[in-house]
Participant: 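Handing you a structure now.
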Amino acid sequence: MPDLTLKVTVTGLIQGVGFRPFVYRIALRYKLKGWVRNTNENVQIRISGKSPDLNGFLSALKTEAPQAASVESIQTEEIQFEKFATFEILKSHDVSDDITEISPDIAVCEECLEDICKAGNRLDYAFVNCTNCGPRFTIIKDLPYDRPLTTMAEFQMCADCRREYETVTDRRFHAQPVACAVCGPQYELHAGKKPVINDISVILERSSELIDKGGILVMKGLGGMHLACDAFNETSVARLRELKNREGKPFAIMFRDLSSAAKYAEINSAEEVSLTSWRRPIILLQVKNRSHGPFLAKNLNSGLNLLGIMLPYMPFHYQLFRKLKTEALVLTSGNFSSEPIIIDNAEALEKFSPITDAVMLHNRDIFNRTDDSVARIIGGKERVFRRSRGYVPSPIRTGLNTEGIIAFGAELSNCFCVGKGSKAFLSQHIGDLQGLETTLFYDQTLERFIRLFRVRPTLLAADMHPDYISTRTAEGFGTPSLIRIQHHHAHIASCMAENKLDEKLIGVAFDGTGYGDDGNTWGSEFMVCDLEGYSRASHLAYLPLPGGDSASEEPWRMAVSWLYKVYGREFMQLDLPLFWQTQAEVIQMLVKMIDRKVNCPLTCGAGRYFDAVASILGLCQVAEFPAQGPMLLEAMVEAGCDERYEWSGLTEIDLDKTLRGIVEDIKNGNRHSIIISKFHNTISSVIFETVKWISGAEGLKKVVLSGGVFQNKYLLERTESLLVKSGLEVFTHAAVPTNDGGIALGQLAVAAKRRELCV
Ligand code: ZN
Ligand code: ZN
Ligand code: FE
């Protein structure tokens, strides 16, 4: 049998995830000769050998790739026979400005977990990692991804680690953060005035005891500090709320393992895949109704039926759970209210020592701060709501020329985005750009992304809102061309870019608030649009929002405004739960504000209508965290209810009959869960009928759904299925947040398209 030579080209996220050593190992296994190397855009392989061996190699290439590698394509071509003496890894080719892909952080792998149970340099060593796992983005200061440019630079590899690092067949070949107990980072435990503890077994002993006794522990993690306590201990959870100054916002929980989690939450197969993936996000899961204990603390998620659950991802998490009696920890970001997660050791000691029971730090610096990512499975697909650890900085591949574009994002749940080639690099979740600390984090991260990805800014894109910090940052940036993009057009464009759509279609953006062309607050937009521009085809009717922005935290204001519009002054005579909870004088004051048009901007935000219903039913008058009202409503939807309320209108949708129906149902003593289901079904019907009308009028068949309201599983699944059944093609978000965290990608896509059309 003659020898053949193949030219193999692999594209995707394959750099910094142990892909070349993997290729080397499978080439050796099949006794093939040739080489592998990285280039700007791909990994190239030349390989010579017998046909069956080559086939074995190619199938291993497809099926055995390292878990964090995401292979997009493998092209194979037979070329003229070349004779090679060995198989080797060649030096990277064209290490130029264009090598831009950096792996996100990867959860510790099974083999490394086994290593910490074996005698030797890694017995009980909590910083074990290999080419298949460990820290990446959080420790990278600059490219190329090499140890001297990471926060591991200060640790001198010992002879053993160096040998593994240099041995091509070793699992730690070119694992930049390679370390062992002799040469690598170490944990340290600070408990009050007692001497600092450095011995890992003592640290594990003390921290597990402390948590099991109800204490609160600060734990330095991959992307920042965590605050941890026993998730079964209501007193500890209450204390944690108090010290974080966080009233009702749900806490995330880390379970010991999948089977522990499955005792407390419903987990389907798609949810299991996400929970156990190397990205290890927090997955929002339905809580089980347990008839017998133990019970998770009631104050974890204040009446919601969803719980954010994750599994261990650092070696230390596994080690700690081996000692702990409890099988679940609250694990929440180490920060105060809306400030960014703390990453600095000195700052953590200063701020947390006085108010927690112990602070556990390590001496590997965190360079890039990342929070735990949050996702939910809707319609069988993972939908990322907060994109950070494990996801960032993987690029979104667009079909557009994004080179040199910087998109500054929105105001709340901010992420920004930079363009390189046709890729879009979304930043990690930055947070709400209203506090000084968060704004500093934003500025710093923006500067780092521009440097890291070698971006030469040529075009800027920002929201139209004149008061957004992100818009002001763009204005002060010093690059001449700045495009302002309407918030909901950006939402729709974000979903288009994620789905690689570049054509005229129907866009639906259901959202909280966004600045509209007419100066009003938009948020229930039906657009006929493409990436370049849009026309607004329909929206929910405007209502005055007494108090403006502050009203979005006080659902009762929207409820009063809507009731007043529909019933006039008589509305105070209705017998509604809202009135049992709110003083009549305060309501009268609000009515006066509306009459005199004092601080009453007009809004059509769909989220505000959900707020109003939550308030009328007495579920939420003043929200303890964003979207609490809508989340409480969704928690009460009853499957199997197919009824809905009446509504009317084409270009402006009037929900007055819906409100009358709700009030009528309350008067008749109908169950709240039925009223809530009917309201959800009404909104779904509004979207379905309006899209169908636009589709008929415009001859368009593709529909894009975006905006924070579509985080609602019931609403998204029902609406999508109605639209699909009527023959429309529906596109939604998955990898990019449907909330304002995804806005920057849309801004970037619109800017890219407008630039392309100008040239
Ligand atoms: Zn590993
Ligand atoms: Zn070592
Ligand atoms: Fe929005």
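Each ligand, and each atom within it, is numbered from 1 in the order the structure gives.
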Participant: So, using ring pair (Phe, Tyr, Trp, His ring centres under 6.0 Å) as the criterion, who are the partners of F173 when residues are at least two apart?
Facilitator: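 Partners of F173 under the ring pair (Phe, Tyr, Trp, His ring centres under 6.0 Å) test: none.
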Participant: For a 4.5 angstrom cut-off between non-hydrogen side-chain atoms, does V686 reach L540?
Facilitator: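 Yes, their side chains come closer than 4.5 Å.
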Participant: Salt bridge or not for E624 and K249, using N-O below 4.0 Å?
Facilitator: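 No.
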Participant: What's the shortest heavy-atom distance between Q486 and H488, and which atoms?
Facilitator: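 Heavy-atom minimum between the residues: OE1-N, 2.8 Å.
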Participant: Can you tell me, to 10 degrees, how wide the angle at the Fe ion (ligand 3) is between OD1 on D740 and OD1 on D511?
Facilitator: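 Vertex at the Fe ion (ligand 3): approximately 110°.
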Participant: Could you grab the protein N, O or S atoms closer than 2.8 Å to the Zn ion (ligand 1) for me?
Facilitator: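 Result, waters dropped: C109 SG, C112 SG, C130 SG, C133 SG.
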Participant: Using atom types as modelled, flag every donor-acceptor pair under 3.5 Å from a side chain in residues 410-417 to any protein atom, sequence neighbours excluded.
Facilitator:
{"from": "E411", "atom 1": "OE1", "to": "I469", "atom 2": "N", "distance (Å)": "2.9"}
{"from": "N414", "atom 1": "ND2", "to": "F408", "atom 2": "O", "distance (Å)": "3.1"}
{"from": "N414", "atom 1": "ND2", "to": "A410", "atom 2": "O", "distance (Å)": "2.8"}

Participant: Please tell me whether F127 and F155 form a close aromatic pair, meaning their ring centres lie under 6.0 Å apart.
Facilitator: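 Judged by ring-centre distance (under 6.0 Å), F127 and F155 do not meet the cut-off.
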Participant: Side chains of Q176 and T150 only: does a donor on one sit below 3.5 Å from an acceptor on the other?
Facilitator: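 Side-chain D/A pair, Q176 to T150: absent.
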Participant: In terms of side-chain heavy atoms, does D146 have a donor or acceptor partner in H174 at a distance below 3.5 Å?
Facilitator: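 No, no side-chain donor-acceptor pair sits under 3.5 Å.
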Participant: Report yes if the distance between the aromatic ring centroids of F710 and H733 is under 6.0 Å, otherwise no.
Facilitator: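 When the ring centroids of F710 and H733 are compared, they turn out to be at least 6.0 Å apart.
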Participant: Does H487 put an N, O or S atom under 2.8 Å from the Fe ion (ligand 3)?
Facilitator: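 Yes, within the cut-off.
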Participant: At a cut-off of 2.8 Å, what protein N/O/S atoms sit near the Zn ion (ligand 2)?
Facilitator: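 Listed by chain and number: C158 SG, C161 SG, C180 SG, C183 SG.
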Participant: Between the side chains of H317 and Q319, is a donor N or O closer than 3.5 angstrom to an acceptor N or O?
Facilitator: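 Checked: H317/Q319 side chains show no N/O donor-acceptor pair below 3.5 Å.
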